[in-house]
Amino acid sequence: MTIVRLGYVAMSVHLENASPSQTMTYKQFFQLKDREAGLRKLERIAVSNLQNCLRLLKHNLANDIRFFRFSSKLVPLANHPELKDWKFMRALKEPLREIGDFIESHPQRIGFHPDHFVLLNTTNKDTLKNTLQTLKIHEAMLKGMAVDPKHRCVLHVGGAYEDKEKALEQFIHNWGLTPVSLQDLIILENDDTVFTMHDTLYLCEKLGVPMVFDYHHHLANHEKDWEEDWGRVAGTWTNSPLPVKMHISSPRSDKEYKAHAEYIDPNMFMDFLNEIKGSVKQIDCMIEAKKKDDALFRLVEELGENKQLRWVDKASFEIL
DNA sequence: GTGCGTCAAGTCCAG
DNA sequence: CTGGACTTGACGCAC
């Protein structure tokens, strides 16, 4: 028996004026005459982003959604080198606590996906430093919510740097330079251009890191089929407090195969589900589509009549 | 109100 | 070697 929960990314197209990613660019900040006033403005933006996250969590609850990825742009300029003296966590303590309280009373699996400038396999010292700094901020946010940080941040392996094998070994090297508390955050995802499921599995098994399987990326970038090694993917989760996680998206078109479509192709998703049926007790599927929660709702509608599924609630089902 | 240019990050490709 | 594309959502300015 396999239970599937559906989740979505960062923002809702149904809730109005609820962006969790409002921002101020460094250029805007830099041009302000009063730096202190600028910092207070950044804090107001960050607090508003967090308040909007809470609205999103309530929206999720109302729709039985218990799986959600926070925006990684919650705190604008949080890791900017010119703002090192900015103690933004002080202003965020209360809104983070409110989110934490809500999650505690209405459990949802939440996590982050720091953007692709976070590169753990870089050979550039500054880039690595920024990467670790960004991870540290994500850890602080999770701690501020009183959420166990373990396995809450999805990362890609990183750049190829002209030699994929070497780049994989560089990842392992840099892993040794990464504080254990930050290692604990990380789960790794196969990407659509360089590191395949098998490359990623190599690292995950070697380093004891859970792997997030991205089915769409796999279709775009693979040397081998995924089915016979699916058990290895599931195996990377055996020591995690969280269920197996994967990413679901559909190609925008044949021409723009790697780009995300607005909605999810239900047939492609069913193909996957039929293949993994019974292999794991529970799997959380992150819907990565342009239309965000609307794509989730549409998928639920389209799969609603499917005889192979038994619905547990509005956003989760059992594969029969 | 709509829409296009700008912003930010690191990589990678074209020239 | 350099400069622009890539990606994403937000935002500001022009019409």
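In what follows, chains carry the letters A, B, and so on, assigned in the order in which the sequence lines appear, proteins first and then strands, with residues in each chain numbered from 1.
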Apply side chain to side chain donor-acceptor pair (under 3.5 Å) to His116(A) and Asp191(A), showing your working.
CA-CA 11 Å; His116(A) 60 283; Asp191(A) 69 63; over 6 Å; no
Rounded to the nearest Å, what distance is computed from the [atom1] atom of residue [X] to the [atom2] atom of nucleotide [N]?
X         : N       : atom1 : atom2 : answer
Met11(A)  : dC11(C) : CE    : P     : 11 Å
Asp192(A) : dT11(B) : CG    : P     : 17 Å
Leu155(A) : dG10(B) : CG    : C1'   : 14 Å
Leu32(A)  : dC7(B)  : CG    : P     : 15 Å
Leu119(A) : dC12(B) : CG    : P     : 9 Å
Lys27(A)  : dG5(B)  : NZ    : P     : 16 Å
Asp126(A) : dT11(B) : CG    : P     : 11 Å
Gln22(A)  : dT8(C)  : CD    : P     : 20 Å

So, does Asp199(A) use its side chain to make a donor-acceptor pair with the main chain of Asn190(A) at under 3.5 Å?
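No; zero donor-acceptor contacts below 3.5 Å.
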Among the candidates dC7(B), dG10(B), dG9(C), find the nucleotide nearest to the side-chain atoms of Asn130(A).
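Closest nucleotide among those given: dG10(B).
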Side chain of Thr122(A) only, heavy atoms from C-beta on: which candidate in dA8(B), dT11(B), dA10(C) is closest?
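The listed nucleotide nearest to Thr122(A)'s side chain is dT11(B).
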Before giving the answer on side chain to side chain donor-acceptor pair (under 3.5 Å), spell out for Ser181(A) and Asp184(A) the whole-Å C-alpha distance, their side-chain angles and the decisive distance to 0.1 Å.
CA-CA 5 Å; Ser181(A) 70; Asp184(A) 262 358; over 6 Å; no
Under a 4.0 Å heavy-atom cut-off, which of residues 252-265 of chain A touch DNA chain C?
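Heavy-atom cutoff 4.0 Å gives no residues at all.
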Indicate yes or no: does Arg5(A) engage Asp284(A) in a salt bridge with an N to O separation below 4.0 Å.
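Yes, charged N to carboxylate O under 4.0 Å.
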If only side-chain N and O atoms of [X] are considered, is one of them under 4.0 Å from the OP1 or OP2 phosphate oxygen of [N]?
X         : N       : value
Tyr161(A) : dT11(B) : yes
Ser19(A)  : dA10(C) : yes
Asn79(A)  : dA8(B)  : no
Lys73(A)  : dA8(B)  : no

Tell me what Gln28(A) touches on the nucleic acid: a base, only sugar-phosphate, or nothing, going by heavy atoms under 4.0 Å.
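Counting heavy atoms under 4.0 Å across all strands, the contact made by Gln28(A) is with sugar-phosphate only.
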Under 4.0 Å, counting only non-hydrogen atoms across every strand here, what does Asn124(A) touch: a base, just sugar-phosphate, or nothing?
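Answer is nothing: Asn124(A) stays at 4.0 Å or more from every strand.
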Here's a test for you: under side chain to side chain donor-acceptor pair (under 3.5 Å), which of Glu189(A), His218(A), His113(A), His216(A) qualifies with His247(A)?
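The passing option is Glu189(A).
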Can you see which heavy atom on Pro210(A) is nearest to which on Cys204(A), and at what distance?
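Heavy atoms of Pro210(A) and Cys204(A) come nearest at O-SG, 3.8 Å.
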Run the numbers on Gln170(A) and Asn121(A) for side chain to side chain donor-acceptor pair (under 3.5 Å), then give the verdict.
CA-CA 5 Å; Gln170(A) 186 68 41; Asn121(A) 77 332; over 6 Å; no
